[in-house]
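This structure is in structure tokens; I'll ask about it shortly.
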Amino acid sequence: CHEDKPFSAFVSNRTKKDGRDSWCKACHNITRREWRKANVEKARADWRRWASTPHAIEQRRIYAIEYGRRKAANDKKRWYESRMKALQYYGGSPPQCACCGENQYEFLSIDHVNGGGGQERKKLSRTRYWLRLLENPRSDIRVLCHNCNQAMGFYGYCPHQKYPLN
């Protein structure tokens with residue numbers, strides 16, 4: 001391209017004295033892309049040869065570990081956000097237990113009034129379950145704290161209903 005560019009705009013090349021190639025990155029990429037189109041089989045063979053080197057194998061292993069960490073962090077964030085949206089939709093803003101008024105979000109859960117929530121939840125991923133509740137609003141769902149929800153499941157009533165809080 002014969003343009004004046006900063007040193008960082010050039011491809012690194014260990015065989016050169018200054019450590020940079022004479023081609024800028026943009027021109028280098030264009031040239032490499034054209035070469036790969038013209039020499040498909042040779043490009044594949046080169047890639048296979050490189051991919052089998054210990055360095056490449058280690059790079060893929062490190063990438064897989066880092067990708068797994070990032071994916072887990074993103075999944076947890078999406079799960080939290082979708083859970084909060086569902087709790088706010090069904091339990092108000094801020095969400096609270098329909099029975100006792102508990103509003104600490106870690107203690108809150110979704111209660112299927114007619115039962116069957118466990119089976120429904122097992123069909124979907126963690127995040128997808130909360131999003132499904134938002135996509136298809138239902139009248140048979142409410143927000144309860146875990147204590148009230150467990151009592152409703154075990155005894156059929158909540159102790160707050162039998163012995164109301166003052």
Side-chain angles (χ1 to χ4, degrees), residues 1-96 103-112 114-146 149:
C1 61
H2 304 290
E3 295 177 17
D4 288 335
K5 294 186 178 182
F7 191 69
S8 61
F10 290 85
V11 179
S12 60
N13 185 340
R14 284 184 264 166
T15 64
K16 304 288 182 172
K17 211 177 231 185
D18 62 359
R20 296 290 175 165
D21 202 4
S22 57
W23 291 70
C24 69
K25 290 178 183 178
C27 294
H28 177 80
N29 289 342
I30 291 168
T31 306
R32 290 296 297 164
R33 196 175 302 121
E34 290 171 356
W35 182 87
R36 281 193 302 270
K37 282 182 183 175
N39 301 287
V40 175
E41 289 304 316
K42 185 159 177 25
R44 285 184 185 154
D46 288 351
W47 187 88
R48 283 189 198 108
R49 189 172 41 258
W50 175 84
S52 64
T53 64
H55 175 73
I57 293 168
E58 180 66 10
Q59 291 255 321
R60 285 196 306 273
R61 187 187 73 77
I62 290 169
Y63 175 80
I65 290 169
E66 285 302 313
Y67 174 77
R69 286 184 187 144
R70 284 193 309 270
K71 184 175 183 328
N74 288 339
D75 286 351
K76 188 173 185 177
K77 182 180 175 189
R78 274 199 325 270
W79 170 81
Y80 173 79
E81 289 170 353
S82 59
R83 180 177 187 270
M84 284 303 296
K85 285 179 186 175
L87 289 173
Q88 287 173 349
Y89 181 81
Y90 289 104
S93 185
Q96 64 180 14
N103 62 2
Q104 189 69 32
Y105 80 91
E106 293 94 344
F107 298 147
L108 298 177
S109 64
I110 292 290
D111 175 46
H112 294 74
N114 301 325
Q119 294 168 347
E120 183 179 343
R121 197 173 52 252
K122 287 176 185 174
K123 293 178 187 175
L124 304 167
S125 69
R126 285 176 16 149
T127 303
R128 190 72 196 129
Y129 171 71
W130 295 104
L131 294 174
R132 173 69 102 27
L133 292 176
L134 293 169
E135 291 169 358
N136 305 316
R138 299 165 36 182
S139 60
D140 66 331
I141 291 180
R142 62 183 172 178
V143 173
L144 291 179
C145 68
H146 289 293
N149 198 1

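Note that the coordinates shown come from a computational prediction; the quantities given were computed from them, not determined experimentally. All values below were derived from every heavy atom in this structure, side-chain atoms included, with hydrogens, water molecules and symmetry-related copies excluded.
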Evaluate the criterion salt bridge (Lys or Arg N to Asp or Glu O under 4.0 Å) for residue pair R61 and E58; output intermediate values, then yes/no. CA-CA 5 Å; R61 187 187 73 77; E58 180 66 10; 2.8 Å; yes
Using 0.5 Å steps for rounding, measure from the CG atom of L108 to the OH atom of Y90. 15.0 Å
Separation between CZ (F107) and CG (L144), nearest 0.5 Å, reads 15.0 Å
Sorted by chain and residue number, the salt bridge (charged side-chain N to carboxylate O under 4.0 Å, His left out) partners of K42 (sequence neighbours excluded) come out as D46
Side-chain donor-acceptor distances from residues 64-74 under 3.5 Å, at least two apart:
unit_1 : atom_1 : unit_2 : atom_2 : d
E66    : OE2    : R69    : NH1    : 2.8
K71    : NZ     : D75    : OD2    : 3.0
N74    : ND2    : R70    : O      : 3.4

What residues, two or more places apart in sequence or in another chain, satisfy side chain to side chain contact (heavy atoms under 4.5 Å, CB included) together with E106? Q104
Quick check: are there more than 12 heavy atoms from other residues, nucleotides or ligands sitting under 6.0 Å from NZ of K77? no
So which atom in L134 and which in Y89 form the shortest heavy-atom distance, rounded to 0.1 Å? CD2-CB, 3.8 Å
Distance col, row W130:CH2 vs E81:CD, nearest 0.5 angstrom, shows 14.0 Å
Test of understanding: with side-chain hydrogen bond (donor to acceptor under 3.5 Å, both in side chains), list the residues that count as partners of S82, not counting sequence neighbours. none
Residues in side chain to side chain contact (heavy atoms under 4.5 Å, CB included) with H55, at least two apart? T53, Q59
Could you work out, with side-chain hydrogen bond (donor to acceptor under 3.5 Å, both in side chains) as the rule, every residue matching R142, not counting sequence neighbours? D111
CD1 of I57 to CD1 of I62: how many Å apart, nearest 0.5 Å? 12.0 Å
Ignoring hydrogens, what is the shortest heavy-atom contact between A56 and W50? Give both atom names and the distance. CB-O, 3.1 Å
The complete set of salt bridge (Lys or Arg N to Asp or Glu O under 4.0 Å) pairs with one or both residues in residues 13-33, sequence neighbours excluded, reads none
So, using side chain to side chain contact (heavy atoms under 4.5 Å, CB included) as the criterion, who are the partners of Y129 when residues are at least two apart? I110, H112, E120, R121, L124, L133
Results of side chain to side chain contact (heavy atoms under 4.5 Å, CB included) for P54 - residues two or more places apart only: none
Between N149 and S109, which heavy-atom pair has the shortest distance, and what is it? ND2-OG, 3.0 Å
Distance check, rounded to the nearest 0.5 Å: N29 atom CG versus C24 atom SG? 8.5 Å
Which residues pass the side-chain hydrogen bond (donor to acceptor under 3.5 Å, both in side chains) test with S139, not counting sequence neighbours? none
Salt bridge or not between E41 and R44? Use side-chain N to carboxylate O under 4.0 Å. yes
side-chain hydrogen bond (donor to acceptor under 3.5 Å, both in side chains) with D140: which residues, sequence neighbours excluded? R138
Please identify each residue that fulfils ring pair (Phe, Tyr, Trp, His ring centres under 6.0 Å) with Y80, with sequence neighbours left out. Y105
